[in-house]
Amino acid sequence: MPSLAVRLGLLRLESPLVLASGILGVSASSLALVASRGAGAVTTKSCGLDPRAGHPGPTVLPVTEGLLNAVGLSNPGADAMCEEIREFKSRCPTTLLFASLFGRTVEEFGEVAAHLAAAEPDLLEVNVSCPNVSSELGLPFEAKSKELAAITALVKKKAGDIPVALKLSINWGPIGEQARICAENGADLITAINTVGPGMLIDTNVMRPVLSNQVGGLSGPCILPLAVRAIWEVRRSVDLPIIGLGGVASSEDALQLIMAGATAVGIGTAVYHQGLDLFERVNQGLLRFLAEKGLEDLSEVCGAAHG
Amino acid sequence: MPSLAVRLGLLRLESPLVLASGILGVSASSLALVASRGAGAVTTKSCGLDPRAGHPGPTVLPVTEGLLNAVGLSNPGADAMCEEIREFKSRCPTTLLFASLFGRTVEEFGEVAAHLAAAEPDLLEVNVSCPNVSSELGLPFEAKSKELAAITALVKKKAGDIPVALKLSINWGPIGEQARICAENGADLITAINTVGPGMLIDTNVMRPVLSNQVGGLSGPCILPLAVRAIWEVRRSVDLPIIGLGGVASSEDALQLIMAGATAVGIGTAVYHQGLDLFERVNQGLLRFLAEKGLEDLSEVCGAAHG
Amino acid sequence: MGDAMRTVRVKAIVEHGPGLKSFLLDGPIESAAPGQFVMLWLPGIDEKPFSISDLGEAGLEISVKAVGPFTRALMEVSVGDYLGIRGPFGKGFRLADRTLLVGGGIGVAPLRFLYREMGRLRLSAWLVVGVRTAADLIFPDYFRSLPDCLIVSEDGSIGETGIVTDVIDRIIDQAGTTRLAAAGPEPMLVALRDLGERRGLKVELDLERYMKCGIGLCGLCCVDGSGVRLCVEGPVLSSAELRGVTDLGRPHRDATGRRRCGPD
Amino acid sequence: MGDAMRTVRVKAIVEHGPGLKSFLLDGPIESAAPGQFVMLWLPGIDEKPFSISDLGEAGLEISVKAVGPFTRALMEVSVGDYLGIRGPFGKGFRLADRTLLVGGGIGVAPLRFLYREMGRLRLSAWLVVGVRTAADLIFPDYFRSLPDCLIVSEDGSIGETGIVTDVIDRIIDQAGTTRLAAAGPEPMLVALRDLGERRGLKVELDLERYMKCGIGLCGLCCVDGSGVRLCVEGPVLSSAELRGVTDLGRPHRDATGRRRCGPD
Ligand SMILES: Cc1cc2nc3c(=O)[nH]c(=O)nc-3n(C[C@H](O)[C@H](O)[C@H](O)COP(=O)(O)OP(=O)(O)OC[C@H]3O[C@@H](n4cnc5c(N)ncnc54)[C@H](O)[C@@H]3O)c2cc1C
Ligand SMILES: Cc1cc2nc3c(=O)[nH]c(=O)nc-3n(C[C@H](O)[C@H](O)[C@H](O)COP(=O)(O)OP(=O)(O)OC[C@H]3O[C@@H](n4cnc5c(N)ncnc54)[C@H](O)[C@@H]3O)c2cc1C
Ligand SMILES: Cc1cc2nc3c(=O)[nH]c(=O)nc-3n(C[C@H](O)[C@H](O)[C@H](O)COP(=O)(O)O)c2cc1C
Ligand SMILES: Cc1cc2nc3c(=O)[nH]c(=O)nc-3n(C[C@H](O)[C@H](O)[C@H](O)COP(=O)(O)O)c2cc1C
Ligand code: FES
Ligand code: FES
């Protein structure tokens, strides 16, 4: 009997599928809804120290086979998020909860991590790669090696026993290099990729950018090849388990990321295109794949495309 | 009577539409075919000093709303290309011909430029951003500020009176910064963007990358928002005319690039999705736009989205 | 591609009273179900959810009450200006015979559309419209002209004096309705739900929560409890669905996702 | 999504002779026109164009002659191995009554498919198959079994001795064909075009040029003159289209896009 369970570092997930950060991730109730649909883990919306309303609308726009978003890291703040985490954990004991976080300074990353760690999430995911808050927060920290190293080390210290993943994008140079910096500073996992670009959409009637933030990150099926490549690159650079995501909308897509080197696979935008049933559908597709190839579990094909 | 003619620096194009480099660009006959369909200018395949067969197949793969390609700069070499350029110019006197070139070293860029300049193309477009020859040629030169500056200056010297465009991508950090380096070293125009990524596609049956080069650049409708943003960025950084391209498949798309700051608009991958009639269709759409808004020509909306 | 942003011109504006207007937009929606909403973009300002208050040959109608920065800015819009539209989104009311429609304040907007659609389908409908005062009612002449419409106002300046719950029992008795469809302030909706269920009616309520994406991703519009996304599975919920909502009539989440302290 | 790459297993292999094999692939093409081709990917090696030599319930058939590195590597493939397919691409032959089909060497591959399709549609067809020697012919028993098929070989080892152009006039006279469809080496095709036009036939030729993308972008397969893309507007061209081809029977372009010096 093939099994979908995977070992992600020290964690065990019943399914490799993870709800991506930023998708239905502000309340215990919405996270629980997704958990009930077959995700092995769910990730909260990236959380900062204080409540943030994010950018004015429009913040999320459909584009060709994808989305452009500049939500702007709206979140209820670390303390409110801790309540949601606790509520989720008591409601959904078999689904893992990953708490995503960001900070405006290196120190703030540490503070938020310390706050969230108190609620005992199963993983802390450090968002150093959000591409749509630059006008306010400057370049994403992943673009600055020294800060990336410092954030990784600091969060790791505050996290105690909780494993720490650094979430990277492809927007600021070689992702393999960034992953190496994270690994050297104690990261337990790499999550890749965050949204791409950023990009922009201009309305030709009013002749201005449509997103209130002007630019936003690109996600969805159109970025899948970029995600496959990024994970391939990370896998070659570091020896850490990878949560791969970017454009996954089918079990075929998930398998591409797994064969490139991912252990778990995040799903975000496809929830918009395909609804919440997608998790169960992809799970079924993965089980079919294992059965057809006569495999026990997905670890047998993790990174298989590296030959 | 609105007119589609645009002034691109010192050049005058009957239509702002330009056939992108790499598309139907190896022979005078194929370029003439496109010219007859309504392009204001056509660009040759990027040409090096010597003939190159490029990568083994597969080299071009359809992905979600786009293409992944690693043709690998196959080209007949500068001397053979000069013949094609001369033949094209005698066959199509009203369509401009842009000659794209690359080199393996800074010096070689200069050599190729000198060769091609002899055939008197209307523009030399310098491809410093091809993302699918790294395993052989190393990082694209756009990623290395010093070389980028040197190549720009050298090609400019060899080009004589022929205007020089530097073609950039978004794959190696801030494109605005790169454009600035080009401008400071004498570039007359900026072309943006080259293909994105690179990306990768893995076949889950044979469990290996499908492109023989493993990775390839992403193009087509899915990269449009990234192109809009890139042109926006270039426009803010430098005061040079821009040949904007990336994912254009309609007059709406073309207008987005124009409002972001492009003077001329390249079309590549959409030829695959929509056929050669696309040039005429986009021309018609642009004329309709001018008529509806009561505008004389497109210069009135170039960069309009910057407010 | 109804989900993509399209900008369209404002064709006509009706001013009902101070800070209360309806906007007729030139397209771009072909069809929608009453209860569905659109995201309305005011270029340079913001984007907010609004119910469709009518849809037909003439175009798309939105009725807006000024309550804050965005809706106040909307009041400055002129005919010929461009507005952006995404949608229609969500799930609307069921169209079924013998339905009692109850709208409070600007909540009558979607019921105007519902009543018209039911008329087109020759389904019998009764309409109760409640406002604080006459100046709060959109299209007063229209509602007054309807045969099966009862208007109530708290100050008696239009229709009967009172609130909607005062008159519901009477209508149910007279008309023999079997369904209740309501939109308006949440305390009113809760009262109507209780009343409707007591009378054995099938109840549907049009709820509001903070909405950002409109397409089921940001999670801000999820009700507490079942986690249902009002922008996709709602905004109209049935009695059964409402049973999963633990924050009904209680403070909701704001733009940050935080639960508010006081009542909304 | 016929254009995307799909890997499929080899179901069966027929060895016709040294360096001459047909491969039956498990799917993935539902329908195609005779004359259309696919891009065949041998993982780890390369990807090259091949005509469809048959398509039916059993699967997709490709017939290959070993001439270089790729086709030789194909000879090593075993049943159960995966091959990648993109396509079908291009424009095939017109299916019309009273057509004379002429194939030379491995060029008979697309005509095998064309003959079958014409049979299914009950269109009358005559087939002339020319090879250097018996060992160069795919499915010899099949072709021998066809009533309206004439085989010629240069060395007389199978069928009549001679080349195809020797027998065409005779068949046209006997059968009263009005159309000619041909595939094979380009010098043969040029001769057939001249002969066909002299006899007043409508001529279609299945041409070959270097192909890389298969989808009309790389430009390598464009004929000189009209610039027509053989992978999209061809590979089958009509007499009228052939008039625009200035490099017919002359050296073509190679993988670099350079015109070859000698004949192909
Ligand atoms: C499904 C739905 C349908 C609606 N239909 C209508 C309608 O037909 N006519 C009408 O006048 N109003 C309607 N509203 C309410 C309308 O969206 C708010 O009045 C508007 O967003 C207020 O914005 P503001 O900047 O003017 O006020 P603010 O001062 O920002 O807020 C005033 C009130 O509106 C609420 N609000 C603000 N932003 C949002 C948001 N993004 N999503 C939901 N609520 C918000 C606040 O929570 C507060 O209660 C609808 C809301 C929803 C969710
Ligand atoms: C539309 C079309 C249909 C074809 N159908 C068949 C078929 O049904 N059966 C068959 O055996 N062969 C067919 N061919 C030819 C087949 O593609 C070549 O034999 C094969 O590519 C040779 O590759 P190689 O590495 O074995 O030989 P090489 O040594 O590389 O080349 C041998 C010959 O094949 C030509 N060739 C090489 N690569 C290509 C290419 N990418 N595109 C076109 N020609 C190429 C060369 O120009 C040369 O003439 C077809 C070609 C085309 C264009
Ligand atoms: C609406 C939206 C909001 C997002 N918010 C966050 C966020 O808060 N933190 C984060 O790390 N990633 C965020 N992301 C990025 C996703 O987690 C994911 O990395 C990216 O969208 C690629 O995956 P996908 O194509 O499956 O969506 C967001 C994406 C979207 C579409
Ligand atoms: C098959 C293919 C080959 C290409 N070859 C070249 C090239 O030789 N030189 C170059 O500068 N750009 C090349 N490009 C990039 C295009 O010119 C263009 O910058 C890119 O594809 C984005 O535009 P599009 O989305 O309209 O195709 C190629 C693109 C494709 C799809
Ligand atoms: S408004 Fe974003 S999920 Fe409903
Ligand atoms: S093979 Fe590339 S254009 Fe025909």
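Note on naming: letters A, B, ... go to the chains in the order of the sequence lines (proteins, then strands), and numbering restarts at 1 for each one.
Heavy atoms of other residues, nucleotides or ligands lying less than 6.0 angstrom from CZ of D:Arg94 number 12 at most. Atom CD of B:Glu108 sits in a crowded spot, with more than 12 heavy atoms from other residues, nucleotides or ligands closer than 6.0 Å. Within 6.0 Å of CZ in B:Arg104 there are 12 or fewer heavy atoms belonging to other residues, nucleotides or ligands. By the 6.0 Å contact criterion, NZ on D:Lys202 is open, its count of non-hydrogen atoms from other residues, nucleotides or ligands being 12 or less.
If you tally non-hydrogen atom pairs under 4.5 Å between each of B:Ser30, B:Ala53, B:Gly25 and chain D, the highest count goes to B:Ala53. Between chain D and the residues B:Asn69, B:Leu73, B:Asp203, the largest count of heavy-atom pairs under 4.5 Å involves B:Asp203. Taking chain D as the reference chain and counting heavy-atom pairs below 4.5 Å, the highest number among B:Val34, B:Leu201, B:Val206 is found for B:Val206.
The line from CE of D:Met39 to CG of B:Leu61 is 10.5 Å long, rounded to the nearest 0.5 Å. The CZ atom of B:Arg208 sits 14.5 Å away from the OH atom of D:Tyr82 when rounded to the nearest 0.5 Å. Note that the CD atom of D:Glu233 and the CG atom of B:Leu276 stand 6.5 Å from one another [nearest 0.5 Å].
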Point to revise | D:Asp46 and B:Ser212: CA distance, side-chain angles, deciding distance, side-chain contact (heavy atoms from CB on, under 4.5 Å) verdict | key: CA-CA 7 Å; D:Asp46 207 334; B:Ser212 71; over 6 Å; no
Check your understanding: Would D:Thr256 and B:Asn75 count as a side-chain contact (heavy atoms from CB on, under 4.5 Å) if you check the C-alpha gap in whole Å, the side-chain angles of each, and the deciding distance to 0.1 Å?
Key -> CA-CA 5 Å; D:Thr256 72; B:Asn75 77 88; over 6 Å; no
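Minimum interatomic distance between B:Arg91 and D:Gly225 (heavy atoms only, all atoms of both residues): NH2-O, 2.6 Å. Of all non-hydrogen atoms in D:Arg229 and B:Leu24, the two that sit nearest each other are CD-CD2, 3.5 Å. The heavy-atom pair separating D:Lys212 from B:Gly54 by the smallest distance is NZ-CA, 3.9 Å. Closest approach of B:Pro76 to D:Gly257, counting heavy atoms only: CB-C, 3.9 Å.
No part of D:Leu42 comes within reach of chain B, as not one of its non-hydrogen atoms sits under 4.5 angstrom from that chain. Both the backbone and the side chain of B:Thr59 come within less than 4.5 Å of a heavy atom of chain D. When heavy atoms are compared at a cutoff of 4.5 Å, D:Thr7 approaches chain B by way of both its backbone and its side chain. If you measure heavy-atom distances from D:Arg253 to chain B, the contacts under 4.5 Å come from the side chain alone. Using a 4.5 Å cut-off between heavy atoms, B:Asn205 touches chain D through backbone and side chain atoms alike. Residue B:Ala80 touches chain D through its side chain alone, counting heavy-atom pairs closer than 4.5 Å. Contact annotation for D:Val223: only backbone heavy atoms (N, CA, C, O) come within less than 4.5 Å of a heavy atom of chain B.
Between the side chains of B:Tyr272 and D:Asp3, at least one donor N or O sits under 3.5 Å from an acceptor N or O.
Under the 4.5 Å side-chain criterion, counting only non-hydrogen atoms from C-beta, B:Arg52 is not in contact with D:Arg258. A 4.5 Å side-chain heavy-atom check between D:Leu217 and B:Val271 finds at least one atom pair inside the cut-off.
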